[in-house]
Amino acid sequence: MALRVYNTLTGEKEIFVPLIPGKAGMYVCGVTVYDYCHIGHARAGMVFDIIYRYLKYTGYDVTYVRNYTDIDDKIINRANQEGTDYRTIADRYIQAFDEDMARLGLAKPTVEPKATDHIGGIISIIETLVAKGHAYASDGDVYYAVETFPGYLKLSGRTLEEMQAGARVEVGDKKRHPMDFALWKGSKPGEPWWQSPWGNGRPGWHIECSAMSMEFLGRTFDIHGGGKDLVFPHHENEIAQSEAANGCQFVRYWLHNGFVNINSEKMSKSLGNFFTIREVLKKYDPETLRLFILSAHYRSPIDFSDQNLDEAQSGLERIYSCLAALDEVLAGKSLPPEAAVRETLSQAGLELQEKVDQFIPRFVEAMDDDFNTAQALGVLFETVRGANRFLAETKEMTPLSLSLIAQVRHLFAEAGSVLGLFTVSPAAWLEGVKSAKAGKIDISPEEIERLIAERTESRSAKNFKRGDEIRDLLLAKGIQLLDSAQGTTWNVK
RNA sequence: GGCGCGUUAUCCAAGAGGCUAGGAGCCGGUCUGCAAAACCGUUAACGUCGGUUCGAAUCCGACACGCGCCUCCA
């Protein structure tokens, strides 16, 4: 089976055929750096991170470009508010973005260009557009004439008439058509500017992506991604600019991720209902957030809530607990050479072997179907159950059993490298979750240990009443006791 | 107003004309002095009304509800 991707341009899943066999060029719209990133940005980042990883996993030589928009009205406004210059703001939030993405475990793109480093390329495209009659200068600005591009709005599947029926488009005197958009904006006093044939000014929002993608990926490339909210106007305008300037197809496959919702409503700056990545990571670890995002298809909306994150954490805990158990069995054991293995497996072992054999084919099948991570996770969870069952039923580890367990462990590492999961050692991850919860209790570990000792004494004296009292007391404080043959340990509930 | 998307069991969520998705939870079992934790097992569903079909959650139509885009937004 070949990789199939949903292409916004055609509205269908299509078999992915790269422009150059074995290579894939991918451009994803990054962020405008004027504030901290929210969970919506995290989702976009993770979705395309997984697409990038999966393309590499299946053998493509991928060039992944993700830009920073470091000049824009919002950055200038922010700078004015703080009484500083645009560069200070941009640099500060570029750094914050890098920190956030690193904490989320995103692989570094091949190139991360900044708009302001590509002013020359931007001006040159605008000149071409003016020369070809697709753009016109007007009072220091340059606008794109949308009526000169027949394919305008082909990505969002609309017409100019329909768009204007919305009647929310401001008619500016500088524009010939209300839908025309700025390629170059003349600078007002006090604003940052660059020299251009049309006077001092700065680029409009959309043109930078045309310039940077052309610079690093060429006039036509394979995949362009971003959030659904970029379909119009941003990506529509990119198509108009690039195709009119270059006279060839701009992008072969357009991929768009769905929103993160709060109470079924889009999370956005303008609605004010957003959580920053930093806030969320104080409460949940990055892989929990990742599992949450992977649990739904990337094009569907997902509802961000504590309940959903808690469920994701429980699910991840289930996998990590299994991996920890596998690691424990494997610790210090050397595996026999394949040929020496001759014993037969138990029923549970045969079932697990079946899961192991099917693992990669099923995983790949799910991912090939437009990156269906939710289905891919199902494969992992089924394997967890098979492994747990096998561990529970296997009293004595034969060389063959060990080899089977080692295979399972390896498969999780392999799938994890594509999904960006299991980057931490299982024992360490479980410990991390435990200590994070421990920060929220109002009883000291010493006090807990003292009560546990008292309870152990009572129990050995068959004074179960006192023992249970202590257990209930601790439970009321959120401390869960775990009795085992090796003694009693505790957990924060 | 125009255009588009969605509605799957208690909740989250995949699937897509006949073939166990999965997770969280509930319940049952193993373990335990009793529990808890852990593990195992198990349950249940396709918004409403019509139509196509041997067969529809899946295709078609209408309706209801929710959401998105049409303005900066991942």
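In this text, all values refer to a predicted model and were calculated from it rather than measured experimentally. Letters A, B, ... mirror the listed sequences (proteins, then strands); counts begin at 1.
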Do [X] side-chain and [N] base share a donor-acceptor contact under 3.5 Å?
X      : N      : answer
A:R158 : B:rC69 : yes
A:D468 : B:rA35 : no
A:E311 : B:rG23 : yes
A:R318 : B:rC39 : no

Among [options], the nucleotide that comes nearest once only the side chain of [X] is considered:
X      : options                : result
A:K74  : B:rC72, B:rC69, B:rA14 : B:rC72
A:S314 : B:rA36, B:rA24, B:rG15 : B:rA24
A:A296 : B:rA35, B:rC3, B:rA14  : B:rA14
A:R389 : B:rG22, B:rA14, B:rC40 : B:rC40

What's the [atom1]-[atom2] distance between [X] and [N], to the nearest Å?
X      : N      : atom1 : atom2 : result
A:R385 : B:rU30 : CZ    : P     : 20 Å
A:D310 : B:rC11 : CG    : C1'   : 13 Å
A:K437 : B:rA37 : NZ    : C1'   : 11 Å
A:L230 : B:rC69 : CG    : C1'   : 12 Å
A:K154 : B:rG4  : NZ    : P     : 19 Å
A:N67  : B:rA74 : CG    : P     : 11 Å
A:I293 : B:rA13 : CD1   : C1'   : 15 Å
A:D369 : B:rA21 : CG    : P     : 17 Å

How would you label the contact of [X] with the nucleic acid (heavy atoms, under 4.0 Å): base, sugar-phosphate, or nothing?
X      : answer
A:N308 : sugar-phosphate
A:F292 : nothing
A:A374 : base
A:G30  : sugar-phosphate
A:F464 : base
A:S264 : sugar-phosphate
A:N388 : sugar-phosphate
A:V231 : nothing
A:G40  : base
A:Q307 : sugar-phosphate
A:K266 : base
A:H38  : base

With a 3.5 Å limit on both atom pairs, tell me what [N] is paired to, counting Watson-Crick and G-U wobble, or say none.
N      : result
B:rA16 : none
B:rA57 : none
B:rC27 : B:rG41
B:rG1  : B:rC70
B:rG6  : B:rC65

Quick one: do the [X] and [Y] side chains pair a donor with an acceptor below 3.5 Å?
X      : Y      : result
A:Y298 : A:D370 : yes
A:Q241 : A:N237 : no
A:N67  : A:E208 : yes

Evaluate the salt bridge (charged side-chain N to carboxylate O under 4.0 Å, His left out) criterion for residues A:R471 and A:D468: first the C-alpha distance (whole Å), next the side-chain angles of each, then the deciding distance (0.1 Å), finally the verdict. CA-CA 5 Å; A:R471 186 170 66 200; A:D468 292 352; 3.5 Å; yes
In whole Å, what separates the [atom1] atom of [N] from that of [M]?
N      : M      : atom1 : result
B:rC65 : B:rU43 : C1'   : 29 Å
B:rA44 : B:rC39 : C1'   : 23 Å
B:rA24 : B:rG6  : P     : 28 Å
B:rG17 : B:rA13 : C1'   : 22 Å
B:rG66 : B:rG28 : C1'   : 38 Å
B:rU10 : B:rC27 : P     : 15 Å
B:rC60 : B:rC40 : C1'   : 45 Å
B:rG47 : B:rG15 : P     : 15 Å

So, does A:S484 get its side chain near the phosphate of B:rC31, meaning an N or O under 4.0 Å from OP1 or OP2? no
Side-chain N or O of A:R459 closer than 4.0 Å to phosphate OP1/OP2 of B:rU32: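 So the side-chain polar atoms of A:R459 never come under 4.0 Å of the phosphate oxygens OP1 or OP2 of B:rU32.
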Residue whose closest nucleotide on RNA chain B lies nearer the 5' end, A:C322 versus A:H41: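 Its nearest nucleotide lies further toward 5', so the answer is A:C322.
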RNA chain B: 5'-proximal contact among A:N491 and A:N263 (nearest heavy atom):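 Final value for this comparison: A:N491.
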Under 6.0 Å between ring centres, would you say that holds for A:Y36 and A:Y93? yes
With under 30° as parallel and over 60° as perpendicular, where do the rings of [X] and [Y] fit, or are they tilted in between?
X      : Y      : result
A:H235 : A:H256 : tilted
A:F363 : A:F359 : parallel
A:F221 : A:Y27  : tilted
A:W429 : A:Y320 : parallel

Per-pair stack call A:F381 and B:rG23, 5.5 Å, 30°: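 Check failed, A:F381 does not stack on base of B:rG23.
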